[in-house]
Amino acid sequence: MADSGAVRGKKTGKVTAAKKSRAGAKSRTASAAGTKAADKAVVADKSSPSTITYSQSGSLLSLMRSLDISLAITSYQSGLFYLLGSSPKTGLHLHECAMPKPMGIKYEGDGRITLAGGYQIMRLEDALAPDEQINNMFDRCFVPRTMHITGALDAHDVGLGEDGQPIFVNTRFNCLATVDPRHSFREIWRPDFISELIGEDRCHLNGLAMDAGKPAYVTAVSKSNTIDGWRDRRSDGGVVIDVQNNRIVCEGLSMPHSPRLHNGELWILNAGTGELGVVEGAASGKGKFVPRIFCPGFLRGLAFHGNHAFVGLSKPRYQRFEGLALDQRLKDADSEAWCGVQVIDLTKNSCVDWFRIDGAVSELYDVEVIPGAACMMSVSPVSAEIANLITYAKSPEAKIDKPPKA
């Protein structure tokens, strides 16, 4: 069993850390009873000091507690890794951790998170033993322990292969890749319609669904084989590809993202129409997208827990993504796009709870469910804090055979 210490490496029943505000990490507490955030507005970007406000449905806290889960959320726009959980004293709690362009998240049940970033693939480990806490509050503390420097590959979704190594969507080079001890990456798969391995985002490959440690399906905005060609196919050029058979199984989508396998179905987010749905008939190679629910936003980030889906919503960047069907869907619903997470009850195909972000942050990328966690925190690899959070694993005590007495 590992013993953990903080600041000075002391062995304690509970790990303690500095209580003052630390660079790269902030915590915010939201009211559990109402729909308004209880704290003062948060400044998200030092270069652009706009305020951010948080709000949530009145029953989100009770739902998360009943499911015994917390949520991990990424926003490359703000450069923040959000951990949303609950505190027995304060209710719904949001911890913010600075990360370099955080993107795809993959949680493994052994207390490990793999995170794709701006120029690295990181592995974060929970440094706490089951009976330890930080500041008598946090029961999970995710610390960067392994960092693969990849360079700026515009990595999107990430998963773990059978060998435990990360597999990620290398969007810049239009392929699936893994880490390499010598190079920035090692290519492991590429769509048939991409003619060469080249640093040109041609089709905007983005989403990855894993199945038993193997890449199963990916999503791309188009089949384009020219640099930036995907931008001209955003309305209906999107595809889902069966990786193992290297064939397109669904076409005619609008900027699809976040393919996931759940309960025997292939789910995707058709971001350009604001729809969560399934691909029926994907195994036959002639799949059809069947929408289940409309959510008011550009959809990216999808995770499941039982009969609930957790869907990430962003506000569209109209300078680049105008003219999508989402515009008309919002107009027809007399609604505005918003940023946050909606919780969908899959038995009713309806939104039962939500968490919303307003202000300077308008774009999220991924959402992941962390089971068995109440209140989580993380430590930024670029903060001073990481130098003082020391944990260690003790060596097993050596058994020495004493010579018999004379």
For [X] and [Y], which heavy atoms make the closest approach, and how far apart are they?
X: Val341; Y: Ile73; value: CG2-CD1, 3.8 Å
X: Ala337; Y: Gly297; value: CB-CA, 4.1 Å
X: Phe289; Y: Gly277; value: CE1-CA, 3.5 Å
X: Cys250; Y: Val279; value: CB-CG1, 3.9 Å
X: His257; Y: Ala271; value: ND1-CB, 3.9 Å
X: Tyr365; Y: Met103; value: CD2-C, 3.5 Å

Aromatic ring pairing Phe304/His262, orientation class (parallel under 30°, perpendicular over 60°, tilted between):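 Parallel.
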So, taking the atom named [atom1] in [X] and the one named [atom2] in [Y], what distance separates them when rounded to the nearest 0.5 Å?
X: Met376; Y: Phe138; atom1: CE; atom2: CZ; value: 10.5 Å
X: Thr273; Y: Asp327; atom1: OG1; atom2: CG; value: 11.5 Å
X: Asp232; Y: Thr226; atom1: CG; atom2: OG1; value: 7.5 Å
X: Gln120; Y: Thr146; atom1: CD; atom2: OG1; value: 12.5 Å
X: Thr150; Y: Asp180; atom1: OG1; atom2: CG; value: 12.0 Å
X: Leu330; Y: Leu324; atom1: CG; atom2: CG; value: 10.5 Å

How about [X] and [Y]: do any of their side-chain heavy atoms sit closer than 4.5 Å?
X: Phe168; Y: Leu208; value: no
X: Val240; Y: Pro259; value: no
X: Asn246; Y: Trp189; value: yes
X: Met64; Y: Leu71; value: yes
X: Thr114; Y: Ile105; value: no
X: Phe355; Y: Phe310; value: no
X: Glu125; Y: Val143; value: no
X: Val278; Y: Arg292; value: yes

Distance-only donor-acceptor check, side chains Asn307 and Thr347, under 3.5 Å: no
Side-chain donor-acceptor contact under 3.5 Å, Ser350 with Asp345: no
Cation-pi, Phe294 ring and Arg329 (6.0 angstrom, 45 degrees): yes
Between [X] and [Y], does any side-chain N to carboxylate O distance fall below 4.0 Å?
X: Lys106; Y: Asp157; result: no
X: Asp366; Y: Arg260; result: yes
X: Arg123; Y: Glu108; result: no

side-chain contact (heavy atoms from CB on, under 4.5 Å) assessment of Thr74 paired with Tyr76: CA-CA 6 Å; Thr74 55; Tyr76 58 86; over 6 Å; no
Residues Asp353, Ser59; criterion side-chain hydrogen bond (donor to acceptor under 3.5 Å, both in side chains); working and verdict: CA-CA 7 Å; Asp353 278 299; Ser59 58; 2.5 Å; yes
Donor-acceptor pair, distance only, cut-off 3.5 Å: does the side chain of [X] make one with the backbone of [Y]?
X: Asn174; Y: Arg202; result: yes
X: Gln342; Y: Leu313; result: no
X: Ser314; Y: Leu364; result: yes
X: Asp211; Y: Lys214; result: no
X: Ser258; Y: Arg300; result: no
X: Asn135; Y: Met137; result: no
X: Arg140; Y: Gly372; result: yes
X: Thr219; Y: Gly207; result: yes
X: Asp139; Y: Ala373; result: no
X: Ser380; Y: Cys97; result: no

Over 12 foreign heavy atoms within 6.0 Å of NZ, Lys223: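 For Lys223, atom NZ is not crowded (no more than 12 foreign heavy atoms under 6.0 Å).
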Other residues, nucleotides, ligands: >12 heavy atoms within 6.0 Å of Arg186 CZ: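 Result for CZ/Arg186: open.
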CA sep, side-chain torsions, deciding dist, call: Leu326, Leu299, side-chain contact (heavy atoms from CB on, under 4.5 Å): CA-CA 10 Å; Leu326 175 61; Leu299 308 185; over 6 Å; no
Validation row, ring centre His148 to ring centre Phe185 under 6.0 Å: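 Judged by ring-centre distance (under 6.0 Å), His148 and Phe185 do not meet the cut-off.
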Ring center gap for His204 and His156 short of 6.0 angstrom: yes
CA sep, side-chain torsions, deciding dist, call: Ser378, Ile113, side-chain contact (heavy atoms from CB on, under 4.5 Å): CA-CA 11 Å; Ser378 186; Ile113 290 177; over 6 Å; no
Test side-chain contact (heavy atoms from CB on, under 4.5 Å) applied to Ile248 and Phe193, step by step: CA-CA 10 Å; Ile248 294 172; Phe193 53 78; 4.3 Å; yes
Pairing residues for Ser222 by the side-chain contact (heavy atoms from CB on, under 4.5 Å) criterion, not counting sequence neighbours: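 Ser222: side-chain contact (heavy atoms from CB on, under 4.5 Å) contacts with Cys203, Ser224, Trp230, Arg233.
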